[in-house]
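Chain letters run A, B, ... following the sequence lines, proteins first, then strands; residues in each count from 1.
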Amino acid sequence: MSMMRVFLSRLVGLWKGSQFDRDLQDEIAAHLEEATEEYLRNGLSRTEARRAALRDFGGIAQVRESHRDARSFTWLDDGWQDLQYALRMLRRAPGFAAVVVVTLALGIGVNTALFGIVRQVLVKNLAVAHPEELVEVDCASPPGTTGGDMPCMHSYPAFRMLSERHPGLSGIAAFASVPNGLVASYHGTREVITGQLASANLFHVLGISPSAGRLLEEPDDRRDASPVVVLSYGYWLRRFGGAGDVVGHALELNNRSVTIVGVLPRAFHGVTFGERYDVFLALGTASLFFDPPSIGPSVPRGASSNILDATNRGWLTFLGRTLNGVPHEEIGKALVPVFKQSTEAALAGIPVDIRKRFDLTSDRIQVNVRSAALGTASNMRSQLEPTLRVLAVVSVLVLLIACANIAGLYVSQAINRQREFGLRFALGAGRSRLLRQVFTESLTVAAIGGGLGLVLAQWSGPLGFALATGDAGLHAIDLTADRWMLTCALSLSAVTGLMVGAVSVFRVSATNPHDALRPVHSKRSAQLTKALLASQIALTMSLVGGASLLSQTLTNFRAIDLGFEPQPLTTLSMDSGFSALGAARARQYLTQAPDSLASLPGVASVTYANRPVASGVPMFLAVEVPGFAGLGRESTASGLLYAGPAFVRTMGLTLLAGRDIEPMDRADAPPVAIINASFARHFFGEVDVIGRAFRLDRWITIVGVVGDVLDEGLKGTIQPMMYLPFLQGDSKALTFTIRSAQAATPISETARRTLERLEPAVGVARVEAVEAQLEEALRRERLLAVLGTIFSGLALLLMAIGLYGMLNATVTRRTVEIGVRTALGATRGGIARLIAGQTAAVFVSGLVLGGAGYAMAGHLIQSQLFGVALSDLRVVGATVGALTVIAAVAVWIPSRRATRISPAEALRHEEA
Amino acid sequence: MSDKQDVVYGTLGLIVLKTLEALGPLHGYRIARRIEQISQQRLILNQGSLYPALLKLEQAGWISSKWAASESGRRVKLYALTKLGRKQLKMEEAAWEQATGIVARFLNIQDGLP
């Protein structure tokens with residue numbers, strides 16, 4: 001109680017210090033006058049009375065001082081003095097201060113930015129009530145069974161069963177994104193937007209309320225309901241300018257009028273990290289918007305083509321909310337019977353012999369219940385995770401290098417400061433006061449560095465993240481500095497400040513007053529400098545080595561032979577308007593469009609397919625090949641691509657035998673196929689297979705064999721592939737591919753206009769240069785290589801500064817000795833060797849240590865490497881070479897300075 | 001040994017509180033003079049050292065101060081005991097008596113244990 005009172009009144013004293021001083025002065029004056037008066041009354045003269053009064057009072061200055069102490073925090077005053085002194089020291093050595101502050105800012109900034117990203121990607125919960133209760137439910141057969149997870153489907157009928165029976169969960173919702181997006185028309189403007197189909201209870205399960213209108217409700221989810229749409233906050237702002245009266249309006253989606261019923265809250269960004277949806281539609285109306293992707297002719301046509309009835313189509317994600325306290329495993333077990341029931345319904349449509357042959361049963365179903373506090377399984381998150389792991393290694397190395405560098409600089413500076421500290425000690429400064437001074441200085445530097453680091457993190461975080469994921473990713477997260485990043489920057493500054501301070505402390509505790517009189521070259525301090533420098537070299541080597549590994553990885557990826565010529569190909573993916581055309585119009589469109597594209601100036605060749613090449617895993621179908629059983633192989637799966645005429649020519653595939661796809665390969669013509677070499681070798685055991693046939697749902701004759709293509713993209717594997725004529729399939733998706741005559745012909749805009757003029761009902765959803773798209777697939781490798789190289793450069797620079805700093809201090813310290821040696825006839829080479837020789841041992845031990853560090857760092861990032869071993873001589877050579885060259889330059893400058901010291905200069909130095 | 005004593009460490013506060021209790025609000029010089037009179041000049045008191053002590057008492061809330069005119073018409077700071085100070089004084093008096101009582105018993109121990 002009274003402690004608190006004292007504290008508070010002292011706090012007041014801090015602000016009103018001068019007022020208190022004046023009051024006390026008045027009070028003392030009055031006291032003295034009263035006393036003088038009394039002495040006067042007792043018969044003393046005025047002078048004597050005054051003197052007596054002063055004597056009685058005692059030392060006025062002491063009273064003032066102790067009064068001041070009593071009402072304020074002395075240590076705070078001293079701290080203020082220390083701080084001012086620290087700032088003065090920094091101003092006196094601006095170069096030194098700049099290096100230290102920038103180094104720290106870099107270390108702290110990089111780590112803070114990464115911390116912000118890691119928190120957003122891997123730690124931050126969904127912005128809903130009690131996110132920890134959310135779970136993602138999915139079913140699978142145990143790994144290793146032949147059927148894989150074939151039988152257990154996340155189908156709509158399965159969801160209906162789940163919504164009736166979900167033990168352990170208070171509710172379960174289902175959702176799926178609309179593939180290829182939606183074509184939205186409003187007041188005559190047309191754009192492709194992203195949409196998610198969600199069961200009406202999704203927002204209820206999440207516990208979200210609308211920011212305008214209402215969200216989805218049960219009646220919307222009926223199949224006969226008139227379609228309604230809920231807008232995301234972002235889309236509402238973007239498209240409707242945040243107009244409040246938008247509710248009730250009609251929006252046209254895929255040529256269908258849909259009523260806007262509400263707007264989602266601003267904080268809600270969807271339930272999957274990295275995915276943002278413009279609109280949410282009721283799952284019950286899915287058949288209106290969900291064009292089933294082509295499933296190929298071999299799959300038996302079911303009774304219903306409505307996606308909502310298909311028991312054998314897994315397309316949904318299940319999100320539930322647990323009842324309090326039920327463990328996830330138990331919920332999983334309790335849900336098994338429900339999934340069993342839906343799986344049996346799916347299996348009922350498959351003939352018994354096929355079920356036997358493929359071991360399709362519901363017996364071994366397992367249900368996984370995973371926490372979805374961070375959202376449901378996210379591609380972006382799983383792709384970012386390894387990248388972030390590498391970056392974490394890099395940024396920790398950067399911070400350690402920064403610390404070693406600064407500590408080294410401080411220690412070599414210690415020689416200059418030793419006189420000062422000795423002097424201050426001799427003049428009566430307490431050892432603790434000197435210690436406090438050291439820490440104030442290092443913490444001040446760390447605070448400035450940390451502040452700059454936070455600023456650096458502010459813009460480097462989003463920049464780095466955009467590099468890692470593209471603009472789409474940047475929309476998914478919010479990297480503005482929040483209290484978490486602030487805390488991170490603060491604690492990093494405090495830790496580095498204390499670390500640097502601690503290194504400098506021993507020089508204070510070793511200080512003696514007589515050090516002020518003669519400069520002391522503490523052996524310990526020299527050893528410490530060397531040790532710090534060696535560890536800095538080691539860390540730098542780990543970083544540079546890791547970066548070379550990553551650069552080599554990127555080079556290796558770029559050197560891969562794709563099997564086709566990506567430059568100069570442009571793809572134009574069409575929106576869902578194509579699937580709405582109807583068979584006759586679509587056929588006509590497919591005849592006219594390639595011709596009008598081919599007639600554009602600068603176009604060499606045009607083809608089309610159901611998806612862009614090298615754009616990911618193709619669909620796989622089981623094929624039947626006569627005599628295949630004799631080859632003793634197991635897999636009967638082959639990738640499938642529907643391709644238009646001139647496919648082989650336009651893509652630049654190698655035609656090994658036979659012919660390209662021709663306009664005559666129409667739906668009514670005999671079924672034909674082009675296959676790749678892997679298909680031929682896998683299914684026939686030879687490449688010369690023209691004229692032979694295999695079976696999907698019908699017999700198909702092979703008319704061409706092409707070389708293998710990395711159709712899954714650079715990181716994919718080569719699979720058996722068949723290219724079937726587009727017109728003989730039933731693809732609902734369409735992508736044109738144009739090969740330009742010259743590399744840099746800007747073809748995309750004229751091509752887009754041509755296509756849209758030809759058929760206004762079909763829009764262009766996406767235009768991409770194939771080469772850029774391949775580069776896009778290397779985004780992560782490029783990012784890591786670029787960042788690794790940048791940080792390596794900085795680390796090398798810091799290493800140079802460290803070496804230079806140490807040697808420069810040595811030369812200064814040994815000026816006299818060098819002068820004497822020169823006077824006695826030492827050669828310049830001898831002097832240079834003397835100085836440079838100092839660093840040789842440090843450098844070599846740094847390299848040895850660094851070798852171990854490199855092995856460790858390389859091991860940590862191994863999963864991100866491609867085609868390069870840790871022992872790769874190119875990498876090791878480049879690393880050691882870079883370090884050696886930089887070190888040589890840093891050593892050369894002070895050595896040269898040493899050789900120029902003349903005996904006369906040495907004499908002057910002594911006088912100084 | 002001189003017959004003058006230093007103020008026992010920590011007792012100045014108690015003395016000031018007691019003085020203010022006995023005489024009501026006083027200014028610094030009066031308090032100093034009063035202490036000298038009561039101790040019959042046998043207590044060495046640097047009058048100035050009274051002021052930090054007064055400040056500490058005020059910070060603790062045991063006394064309050066205000067500017068007023070002295071009998072001689074000077075502008076002086078008058079210190080007065082607060083309610084809290086009165087309570088504190090009671091406690092300290094009791095504690096002091098107990099402490100001195102204990103010490104006194106040790107000092108009288110040669111008379112044999114009671």
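- A donor-acceptor pair under 3.5 Å links the side-chain atoms of A/Glu48 to the main chain of A/Ser45, judged by distance alone.
- Of the atoms belonging to B/Ala32, it is side-chain heavy atoms, and not backbone ones, that fall under 4.5 Å from chain A.
- Note on B/Gln47, B/Gln88, B/Arg75: by heavy-atom pairs under 4.5 Å with chain A, the leading option is B/Gln47.
- Scored by the side chain to side chain donor-acceptor pair (under 3.5 Å) test, A/Gln25 finds no partners at all (sequence neighbours excluded).
- The contact between A/Glu37 and chain B is made entirely by side chain atoms (from C-beta outward), counting heavy-atom distances below 4.5 Å.
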Show, in sequence, the C-alpha distance, side-chain angles and deciding distance for B/Tyr79 and B/His27, and conclude whether the ring-ring contact (aromatic ring centres under 6.0 Å, His included) test is met.
CA-CA 6 Å; B/Tyr79 294 91; B/His27 58 85; 9.3 Å; no
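- Listed for the B/Thr19 side chain is no donor-acceptor partner under 3.5 Å among the backbone atoms of B/Ile31.
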